[in-house]
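Numbers for residues simply follow the sequence, beginning at 1. All of these numbers come straight from a predicted model, not from anything done at the bench. Worth knowing before you read on, the calculation uses all heavy atoms, side chains too, and leaves out hydrogens, waters and symmetry mates.
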Amino acid sequence: MNFQELNRSSKLFLSSGDIAGILSIDKESAKVTASRYLKKGYLIRLKRDIYITENKFKNLSEAEVFRLTNLIQVPSYISLITALGYYNITTQQQRNYIESIAVKRTKNISIRGIQFTYTKIKKNLYTGFQLREGYFIALPEKALADIVYLASLQKYDCDFPSINFRKLNKSETDKYLKYSNPRTLNFWDDLCRTYKI
């Protein structure tokens with residue numbers, strides 16, 4: 001069965017061009033094949049002309065989920081509670097819920113039980129992330145800065161007591177917040193007093 005050749009591919013995700021190459025067919029035939037496999041549930045569409053096999057999707061590692069998260073909306077980076085959870089800085093657990101920061105648009109996408117959320121911020125605040133294992137993720141202090149910024153604008157709910165602020169560098173968070181706005185800075189000052197940061 002041709003589909004098994006797609007499953008055996010070393011590529012995590014596939015375009016119609018990849019499908020054409022793997023199955024030795026032309027690109028138009030690959031598009032028809034992809035459509036047929038989508039209907040049968042063998043393939044899952046991640047975005048326009050980007051697919052993953054159902055088998056690979058079921059067995060994704062955390063790093064692979066994060067790679068797909070970056071791919072679904074470009075540019076974006078993993079942040080907020082998802083990033084703090086990755087660094088073991090919060091006790092808050094989010095199963096099948098991945099949060100990212102983006103510059104194009106705010107949107108939520110659900111794919112086979114996994115929620116991918118993208119929150120838009122100003123371009124001058126789109127910084128403070130690193131490349132790890134093929135995906136972009138906020139540095140711990142930037143993940144907190146993103147939370148503080150969005151919470152101060154009432155665009156994000158956070159269980160602040162779940163965060164271990166002792167694992168974070170306050171001056172680094174200050175650095176990321178200084179380009180925000182007075183409302184955010186006041187909110188941060190109040191948090192610092194409340195949690196003795």
Using the side-chain contact (heavy atoms from CB on, under 4.5 Å) rule, take Thr119 and Glu99 through it: C-alpha gap first, then chi angles, then the decisive distance, then the call. CA-CA 8 Å; Thr119 303; Glu99 298 173 308; over 6 Å; no

Evaluate the criterion side-chain contact (heavy atoms from CB on, under 4.5 Å) for residue pair Ile98 and Leu68; output intermediate values, then yes/no. CA-CA 11 Å; Ile98 315 297; Leu68 293 185; over 6 Å; no

Please lay out, stage by stage, how Lys175 and Glu172 fare under the test salt bridge (Lys or Arg N to Asp or Glu O under 4.0 Å). CA-CA 5 Å; Lys175 181 179 79 175; Glu172 283 295 302; 3.1 Å; yes

List the steps and the verdict of side-chain contact (heavy atoms from CB on, under 4.5 Å) for Ile78 and Tyr86. CA-CA 10 Å; Ile78 311 295; Tyr86 171 85; over 6 Å; no

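- Among all heavy-atom pairs drawn from Glu64 and Leu60, the shortest one is OE1-CA, 3.4 Å.
- No side-chain donor-acceptor contact under 3.5 Å links Ser171 and Asp174.
- Around atom NZ of Lys167, more than 12 heavy atoms belonging to other residues, nucleotides or ligands sit under 6.0 Å away.
- Here Glu28 pairs with Lys31 in a salt bridge; the nearest charged N to carboxylate O distance falls below 4.0 Å.
- In the hydrophobic clustering of this structure, Tyr51 does not group with Ile111; members are Ile, Leu, Val, Met, Phe, Trp, Tyr whose side-chain heavy atoms approach within less than 4.5 Å, directly or through other members.
- Residue Asn124 comes nearest to Tyr179 through the heavy atom pair ND2-O, 3.5 Å, listed as atom of the first residue, atom of the second, then distance.
- The hydrophobic clustering, which links ILVMFWY residues whose side-chain heavy atoms are closer than 4.5 Å, places Leu131 and Tyr176 apart.
- Heavy-atom neighbours of Lys122 NZ from other residues, nucleotides or ligands within 6.0 Å: at or below the threshold of 12.
- Judged by distance alone, the side chain of Thr69 and the main-chain N or O of Val65 form a donor-acceptor pair under 3.5 Å.
- For the residue pair Cys192 and Lys170, the shortest heavy atom distance occurs at SG-CE, 3.5 Å.
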Only distances under 3.5 Å count here; give the side-chain donor-acceptor pairs of residues 138-148 to other protein atoms, sequence neighbours excluded, each with its distance to 0.1 Å.
from, atom 1, to, atom 2, distance (Å)
Glu141, OE2, Asn169, N, 2.9
Lys142, NZ, Tyr77, OH, 2.7
Lys142, NZ, Leu125, O, 2.9
Lys142, NZ, Asp146, OD1, 2.4
Lys142, NZ, Asp146, OD2, 3.4
Asp146, OD2, Tyr77, OH, 2.9
Asp146, OD2, Ser79, OG, 2.7

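- Ring-plane geometry between Tyr42 and Tyr37 is classed as tilted, the angle between the planes lying from 30 to 60 degrees on a 0 to 90 degree scale.
- The NZ atom of Lys40 sits 14.5 Å away from atom CD of Glu54, with the distance rounded to the nearest 0.5 Å.
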Test side-chain hydrogen bond (donor to acceptor under 3.5 Å, both in side chains) on Gln94 and Thr82; report intermediate values, then the result. CA-CA 7 Å; Gln94 296 178 306; Thr82 301; 3.3 Å; yes

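- One finds the OG1 atom of Thr91 at 7.5 Å from the CD atom of Gln93 (value rounded to the nearest 0.5 Å).
- Taken together through direct or relayed side-chain contacts under 4.5 Å among Ile, Leu, Val, Met, Phe, Trp and Tyr, Ile114 and Phe66 form part of one hydrophobic cluster.
- In the hydrophobic cluster analysis, where Ile, Leu, Val, Met, Phe, Trp and Tyr join through side-chain heavy atoms closer than 4.5 angstrom, Tyr149 is grouped together with Phe187.
- A donor-acceptor contact shorter than 3.5 Å is absent between the side chain of Arg45 and the backbone of Leu38.
- The backbone N or O of Tyr135 sits nowhere less than 3.5 Å from a side-chain atom of Asn70 that would complete a donor-acceptor pair.
- In terms of modelled atom types and a separation under 3.5 Å, the side chain of Tyr126 and the main chain of Lys120 share no donor-acceptor contact.
- With values rounded to the nearest 0.5 angstrom, Leu71 atom CG is found 6.5 Å from Leu46 atom CG.
- Side-chain contact check for Arg112 versus Lys58: every heavy-atom pair is 4.5 Å or farther apart.
- A 4.5 Å side-chain heavy-atom check between Leu150 and Ile101 finds at least one atom pair inside the cut-off.
- Residues Phe3 and Thr33 are not in side-chain contact: their nearest non-hydrogen atoms beyond the backbone lie 4.5 Å or more apart.
- Counting heavy atoms from C-beta on, the side chains of Thr173 and Ile197 never come closer than 4.5 Å.
- When every heavy atom of Lys47 is checked against every heavy atom of Val74, the shortest pair comes out as NZ-CG2, 4.2 Å.
- The shortest distance between side-chain heavy atoms of Ile19 and Leu43 falls below 4.5 Å.
- Asp18 has its side chain out of reach of Leu6: every pair of non-hydrogen atoms, C-beta onward, lies at least 4.5 Å apart.
- Atom CZ of Arg8 is separated from atom NZ of Lys56 by 10.5 Å, given to the nearest 0.5 angstrom.
- Looking at Tyr195 and Ile163, their side chains never come closer than 4.5 Å, going by heavy atoms from C-beta outward.
- Taken to the nearest 0.5 Å, the CG atom of Asn7 stands 10.0 Å off from the CD1 atom of Ile52.
- We find the OG-CZ distance between Ser29 and Arg36 to be 9.5 Å, quoted to the nearest 0.5 Å.
- Summarising the geometry of Gly134 relative to Arg67, their closest heavy-atom pair is O-CG, 3.3 Å, with the distance given to 0.1 Å.
- Residues Asn55 and Asn59 approach most closely at O-ND2, 2.8 Å, considering heavy atoms.
- At least one donor-acceptor pair closer than 3.5 Å links the side chain of Gln73 to the backbone N or O of Arg105.
- Residue Ser152 is tested with Asp190, Asn186, Thr184 for a side chain to side chain donor-acceptor pair (under 3.5 Å); the sole match is Thr184.
- With contacts defined as side-chain heavy-atom distances shorter than 4.5 Å, the pair Lys178/Trp188 does not qualify.
- Cluster membership for Phe160 and Leu153, using ILVMFWY side-chain heavy atoms within less than 4.5 angstrom, is shared.
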For Tyr97 and Ile81: C-alpha separation, side-chain torsions, deciding distance, then whether side-chain contact (heavy atoms from CB on, under 4.5 Å) applies. CA-CA 10 Å; Tyr97 190 80; Ile81 290 297; over 6 Å; no

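- Asp49 and Ser16 share a side-chain donor-acceptor pair at under 3.5 Å.
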